[in-house]
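Presented below is the structure to which this report refers.
Chain naming here is simple, since letters A, B, ... match the order of the sequence lines and numbering starts at 1 in each.
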Protein chains: 2
Amino acid sequence: MSGRRVTMAQVAQAAGVSPTTASFVLSGRTDMRISAAARERVLAAAADLGYRPNVAARALRTKSTQTIGLVSDTVATTPYAGEVIRGAMEAAHARGNLLFIAETGGDRAVESELVHGMLDRQVDAVIYAAMYTRYVTPPKELYGRRVVLLNCLAPGFDAPSVIPDELEAGRTAARVLLEAGHTDGIYAIGGHQAIPATPDGVFAGNERMRGLQEALRGGGARLAGVVESDWGAEDGYREVSALLRDGRRPRALVCGTDRVSFGAYQALAEVGLGVPDDVSVVSFDDQDFASWLHPGLTTVALPHYELGRLAAELILSPEPVLEAAVHRVPMPLRVRGSVAPPAATPHG
Amino acid sequence: MSGRRVTMAQVAQAAGVSPTTASFVLSGRTDMRISAAARERVLAAAADLGYRPNVAARALRTKSTQTIGLVSDTVATTPYAGEVIRGAMEAAHARGNLLFIAETGGDRAVESELVHGMLDRQVDAVIYAAMYTRYVTPPKELYGRRVVLLNCLAPGFDAPSVIPDELEAGRTAARVLLEAGHTDGIYAIGGHQAIPATPDGVFAGNERMRGLQEALRGGGARLAGVVESDWGAEDGYREVSALLRDGRRPRALVCGTDRVSFGAYQALAEVGLGVPDDVSVVSFDDQDFASWLHPGLTTVALPHYELGRLAAELILSPEPVLEAAVHRVPMPLRVRGSVAPPAATPHG
DNA sequence: TTGAAAGCGCTAACAG
DNA sequence: CTGTTAGCGCTTTCAA
């Protein structure tokens, strides 16, 4: 890039001191004594010339670039994944670091190239992220490096993980319903997401369902039904419509995502059922449209920002070696208007 | 980061050649002749030792880090802004570059720090981005540097801009309505976004309205009304409800954003008006929920990915100096089900 | 207290 | 065709 940059040598010369002295004052070290006078002269010269350190040159000696990388499968597809980037970035910036971003699109070869690209640029550490919580196997280039796993788990890979606390989120959803007095007619739409592509369900689905059922049982309630399906808006619409067509009259719906709730609202409206008077709805994610819906959707929020922040925080912590623990970030409840006590007279 | 990296000197030694020879073959240059034998030996040694170049060290001599920066005001707030990052990143990667990302949150001091951070790390160029199209004044640190303005304009700042073609988008919206046979009862909801915070409207609003009115007039139609308001879902709901309450019976709505349309759908449904049979709706953005709505929303898409891609492409182009032109990226129409010919019998 | 000098990993004249 | 040498901008012994 253009713009002649002024070097430390020039600052030293202008201040009439040696490069060594300039280096010491400019890097703000105190272990070697520099006279106040020399110090002042260096600082003045630096300010005067608009001196800025060349981080790359410094890294050549110090082995630290004050730069971290964030590699993920997809940033764009999931709206609000931008929040994790923002969380990571702000935490990095707070400690004088900058963030490389790279997205692999799920392609291993691309992943490998991007990780190499970061390593070639001497990043101090890398955050390896997935856009929905799952088990991953990080590329071999990352073994033995300083890594934090974001929104993913890799048993056998020695690094800490930061994931949302989906188990507790399931309990939270149950609690919302229980507190409103719901004990039956509760359906889980989307369920574990046990569909052909993911026959054993997905991590979030499994944990949420476990927490949900456990807490429901503890409150003397139970699920009237679990509908396994994908987690899009169309799926919510289709499955709830089907349920209704079958003659089932749910009193409450626990939807896998806000998108599923979106579809559920449509299906309910179509047959003249009102939220929350006829049926209560609660889900997970807290996407932006959750508050635009009428009534606003009560949902358990994915803590995107906090996930990114914590991951960066951990990776930049002074700990020389990171413990391979899994950090579960709480998922806060957003109370809006979609949950109410069950109507006195049941429908259907 | 841990992991002893092997240096070029080691490769040279293993191959039994001088560093110079190794450097030439490893950087893939052909202007100096190297014997095939030496070449092979170097390549073999490099592969064998798992050699990777130290980009930072190389940059010290070449002045090029193969790294570009993207500074923006907000990435996270606007869902799908992630697409611009993805576009920029993929274009960068295709040319062997990596991307720094930084978000200022609109704070000039933070902006200055982040830009310095990038410059200190010797980025080759920076993309200065805004999350909604507007006039900006880039920080002084960027003057004289290789810069591309993304989704913003800065008259007097010598750099190319890449923005969506909102003017043509306005015409596109008009055309959709005209082709369906609409000539009156057309209301623009949101308008220029001439609200207290932006009394002169916003760039996108002004351009769209201009294109819209011009094309409508050309087709023998005209706007029955323009409602100036903010561009959120609540605004759409409120303004359309008010319109209806006033006894106006729109035949078609041109909404400032898909969010406005979202609110408009709600207001319409509330009074029993159907889309598109009673009123047609067209808007701008193409957010994900546009296709979830019933009926699907016909909208003119913001070309996020392409914006990011073009900006990176320009900045990495071989042109030694960038011409300060403004590049208007087409906004493609997404036809879904929200526009139909006006009903034979007008309502109201 | 300060300075001279070496060296981080790599490239580029310039010889040979 | 290949090696020697200097040096990019900075830090860091080591000596003064």
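Closest to the side chain of A:Thr7, out of D:dC10, D:dT11, C:dT11, is D:dC10. Nearest to the side chain of B:Lys63, among C:dT2, C:dT11, D:dC8, sits D:dC8. When distances are taken from the side chain of B:Thr21 to each of C:dT11, D:dG3, C:dC8, the shortest belongs to D:dG3. With C:dT11, D:dG9, D:dC10 as the candidates, the nucleotide lying closest to the side chain of A:Leu60 is D:dG9. The side chain of A:Phe24 lies closest to D:dT12 when the candidates are C:dG7, C:dC10, D:dT12. Set against C:dG9, C:dT11, C:dT2, the side chain of B:Thr62 has C:dT11 as its closest nucleotide. Set against D:dG3, C:dT2, D:dT11, the side chain of A:Ser27 has D:dT11 as its closest nucleotide.
Partner B:Asp120 forms a side-chain hydrogen bond (donor to acceptor under 3.5 Å, both in side chains) with one of A:Arg58, A:Gln66, A:Arg5 and no other, that one being A:Arg5.
Annotation: of the two residues near DNA chain D, B:Ala57 and B:Val17, the 5′-most nearest-nucleotide partner is B:Val17.
No hydrogens or angles considered: nothing links the side chains of B:Thr67 and B:Gln122 as a donor-acceptor pair under 3.5 Å. B:Thr20 and B:Ser23 form no side-chain donor-acceptor contact under 3.5 Å, judged by distance and modelled atom types alone.
In this structure, the CG atom of B:Asn54 is 16 Å from the P atom of D:dG9, given to the nearest Å. One interatomic measurement links the two molecules: CD of B:Gln13 to P of C:dC10, which rounds to 14 Å at whole-angstrom precision. B:Met8 has its CE atom 13 Å from the C1' atom of D:dT2, to the nearest Å. Protein atom CZ of B:Arg121 is 16 Å distant from nucleotide atom C1' of D:dG9, rounded to whole Å. Following rounding to the nearest Å, A:Arg61 (CZ) and C:dC10 (P) show an atom-to-atom distance of 15 Å. Atom pair B:Gln10:CD and C:dG7:P shows a separation of 16 Å (rounding to whole Å applied). Distance CD (B:Glu40) to P (D:dC1): 15 Å, rounded to an integer number of Å. What separates CZ of B:Arg41 from C1' of D:dC1 is a distance of 12 Å, to the nearest Å.
In terms of polar N and O atoms assigned as donor or acceptor, the side chain of A:Arg5 never comes within less than 3.5 Å of the base of D:dG9 in a complementary pairing. Looking at B:Thr20, its side chain comes within 3.5 Å of the base of D:dT4 through a donor and an acceptor atom.
Distances shown here put every side-chain N or O of A:Arg58 at or beyond 4.0 Å from the OP1 or OP2 atom of D:dG9.
Among the heavy atoms of the strands lying under 4.0 Å from B:Ala38 are primed sugar atoms or P, OP1, OP2 only; no base atom is included. Counting any heavy atom pair closer than 4.0 Å across all strands shown, A:Ser35 reaches sugar-phosphate atoms only and no base atom.
Ion pairing between a basic and an acidic side chain is recognised when a charged N comes within 4.0 Å of a carboxylate O; B:Arg41 and B:Asp48 show no such pairing.
Side-chain contact between A:Val329 and A:Leu310: present, with at least one pair of heavy atoms (C-beta onward) separated by less than 4.5 Å.
Remark: B:Arg309 fails to qualify as a cation-pi partner of B:Tyr305 under the 6.0 Å distance and 45° angle criteria applied to the six-membered ring.
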